[in-house]
Amino acid sequence: LPTVQGTHGLTSCAEWTGVPLATILGEVGVRGNAKWLLAEGGDGAAMTRSIPIEKAMKDCILAYGQNGEALRPEQGYPLRLLVPGYEGNMNIKWLRRLEVSDAPFMTREETSKYTDIRPDGKAVQFSFEMEAKSVITSPSGGMQLEAPGFHEITGLAWSGRGTIRRVDVSVDGGGTWREAALQQPVLPICHTRFRMPWQWDGKGTAVLQSRAVDDTGYVQPTLGQVIAMRGLNGPIGSIYHLNAIQSWQVASDGKVSNVHHY
């Protein structure tokens with residue numbers, strides 16, 4: 001069977017080795033009325049998810065290796081499913097069963113969990129794709145800037161829709177934005193590192209934010225925009241697919257902490 005090797009999906013910054021799921025489905029013979037695939041894990045929770053057959057045939061991978069070695073037990077040995085660009089728990093570890101059907105299986109993780117509650121109280125199901133998001137990793141919460149002067153703002157951006165095209169950075173809570181530099185390689189459905197120089201004057205407070213834009217034109221929303229679109233599910237809204245702009249406040253003493261900006 002043909003194997004694939006490379007960096008796939010958003011499960012981690014890793015290199016995976018495996019077999020295209022489409023190859024296996026082709027070998028067993030999937031009927032024309034097949035619409036959904038059930039993937040079940042061998043963990044205690046029997047993590048089980050429904051996957052559209054189009055996605056299964058497009059780019060899903062049955063992975064047996066990671067970073068040049070066999071999968072480690074904590075990474076799903078001996079086999080795990082990779083579903084690039086989809087929410088994390090669809091990448092089923094310790095894969096033990098696949099089942100094909102003409103309808104979704106309505107598992108716990110796609111009915112009572114991993115849905116988006118709208119303002120009218122109804123839930124949006126099957127919102128699998130992870131929309132563009134970025135986060136500044138340095139400076140970030142819990143860090144301490146030693147002194148005013150030059151600092152480099154760095155972070156990660158990603159999109160389940162495709163490729164990151166731009167990341168903007170603000171040091172004044174979204175009042176003004178500057179385009180950051182993207183560090184190669186910039187690949188579809190993969191983490192992309194960005195960086196920008198910053199001269200911190202140490203006066204007052206600064207609020208650092210990043211805003212990702214992918215090649216579909218999608219722009220990472222503010223927290224207020226997410227809540228307006230998906231409703232308030234929990235204290236900060238849309239828990240399962242929260243891709244809002246993250247804000248870090250730098251106090252005059254250099255202490256960095258998390259703050260909510262709507």
Side-chain angles (χ1 to χ4, degrees), residues 9-12 21 33-60 76 80-135 157-162 164 189 209 211-214 216-247 258-262:
L10 301 175
T11 54
S12 68
L21 179 55
N33 63 340
K35 301 296 182 184
W36 292 83
L37 181 77
L38 180 77
E40 180 182 271
D43 54 328
M47 178 62 71
T48 310
R49 293 302 308 262
S50 300
I51 300 167
I53 198 69
E54 294 86 355
K55 179 65 174 178
M57 299 296 286
K58 179 182 178 182
D59 58 5
C60 291
R80 76 175 292 175
L81 179 66
L82 294 182
V83 188
Y86 275 25
E87 57 195 21
N89 77 354
M90 298 187 74
N91 297 269
I92 303 294
K93 295 181 179 180
W94 314 288
L95 186 67
R96 69 179 180 186
R97 185 165 72 99
L98 294 172
E99 183 178 338
V100 180
S101 176
D102 60 354
F105 291 80
M106 297 300 188
T107 72
R108 173 181 180 272
E109 305 301 330
E110 57 211 29
T111 52
S112 67
K113 309 297 181 184
Y114 290 88
T115 59
D116 294 313
I117 307 298
R118 303 189 311 185
D120 62 5
K122 295 183 178 180
V124 177
Q125 284 183 285
F126 310 128
S127 49
F128 303 132
E129 199 170 65
M130 300 304 292
E131 296 175 318
K133 184 172 181 176
S134 65
V135 62
W158 60 93
S159 174
R161 294 168 172 257
I164 293 295
I189 318 181
Q209 297 180 331
R211 179 179 65 189
V213 182
D214 66 21
T216 70
Y218 180 89
V219 180
Q220 182 181 355
T222 65
L223 183 56
Q225 289 170 331
V226 170
I227 293 173
M229 288 185 293
R230 304 176 191 165
L232 186 61
N233 179 10
I236 56 175
S238 194
I239 293 173
Y240 293 109
H241 301 108
L242 180 60
N243 68 322
I245 291 172
Q246 169 66 43
S247 301
N258 175 50
V259 293
H260 293 319
H261 269 245
Y262 289 82

**Q** Taking side-chain contact (heavy atoms from CB on, under 4.5 Å) as the definition, give me every residue that meets it alongside Gln246, ordered by chain and number, with sequence neighbours left out.
**A** Val135, Trp248, Asn258

**Q** For the residue pair Phe128 and Tyr86, does the interplanar ring angle fall in the parallel (under 30°), tilted (30 to 60°) or perpendicular (over 60°) class?
**A** parallel

**Q** Which residues pass the side chain to side chain donor-acceptor pair (under 3.5 Å) test with Glu129, sequence neighbours left out?
**A** none

**Q** I'd like to check the side chain to side chain donor-acceptor pair (under 3.5 Å) partners of Ser247; sequence neighbours left out, ordered by chain and number.
**A** Gln209

**Q** Holding to side chain to side chain donor-acceptor pair (under 3.5 Å), I want the full list of residues that pass it with Ser50, two or more places apart in sequence or in another chain.
**A** Glu110

**Q** Would you give the length of the straight line joining atom CH2 of Trp36 to atom CD1 of Ile53, rounded to the nearest 0.5 angstrom?
**A** 10.5 Å

**Q** How long is the span from the CG atom in Asp116 to the CZ atom in Phe126, to the nearest 0.5 Å?
**A** 12.5 Å

**Q** Please give me the minimum heavy-atom distance between Ile51 and Ala56, naming the atom from each residue.
**A** CG2-N, 4.2 Å

**Q** Measure across Ala212 and Ser134 and return the closest heavy-atom pair with its distance rounded to 0.1 Å.
**A** N-OG, 3.6 Å

**Q** Which heavy atom of Pro221 sits nearest a heavy atom of Gln225, and at what distance?
**A** CA-OE1, 3.2 Å

**Q** Only pairs at least two apart or in different chains count here, so list each salt bridge (Lys or Arg N to Asp or Glu O under 4.0 Å) that has a residue in residues 81-93.
**A** Arg49-Glu87

**Q** Show the numbers, then the answer: is there a side-chain contact (heavy atoms from CB on, under 4.5 Å) between Thr107 and Leu38?
**A** CA-CA 9 Å; Thr107 72; Leu38 180 77; 4.0 Å; yes

**Q** Which pair of heavy atoms, one from Asn91 and one from Val83, lies closest together, and at what distance?
**A** OD1-N, 2.7 Å

**Q** Just by modelled atom types, is the Ser127 backbone N or O under 3.5 Å from a matching donor or acceptor in the His241 side chain?
**A** yes

**Q** State, to 0.1 Å, how close Lys133 and Ala244 come at their nearest heavy-atom pair, and which atoms those are.
**A** CE-O, 4.2 Å

**Q** Take Leu21 and Leu37, measure what side-chain contact (heavy atoms from CB on, under 4.5 Å) needs, and give me the verdict at the end.
**A** CA-CA 11 Å; Leu21 179 55; Leu37 181 77; 3.6 Å; yes

**Q** Decide yes or no on side-chain contact (heavy atoms from CB on, under 4.5 Å) for Tyr114 and Met90, but give the supporting numbers first.
**A** CA-CA 11 Å; Tyr114 290 88; Met90 298 187 74; over 6 Å; no

**Q** Could you report the tightest heavy-atom contact between Ala132 and Asn243, atom names first, then the distance?
**A** O-ND2, 3.0 Å

**Q** Walk me through whether Glu40 and Ile92 qualify under side-chain contact (heavy atoms from CB on, under 4.5 Å).
**A** CA-CA 7 Å; Glu40 180 182 271; Ile92 303 294; 6.0 Å; no

**Q** How many angstroms lie between OG1 in Thr216 and CD in Glu131, if you round to the nearest 0.5 Å?
**A** 8.5 Å

**Q** Kindly compute the distance separating NZ (Lys35) from OG (Ser101), expressed to the nearest 0.5 Å.
**A** 11.5 Å

**Q** Can you tell me how far CH2 of Trp158 sits from CE of Met130, rounded to the nearest 0.5 angstrom?
**A** 8.0 Å

**Q** With Glu109, which residues qualify under side chain to side chain donor-acceptor pair (under 3.5 Å), at least two apart?
**A** none

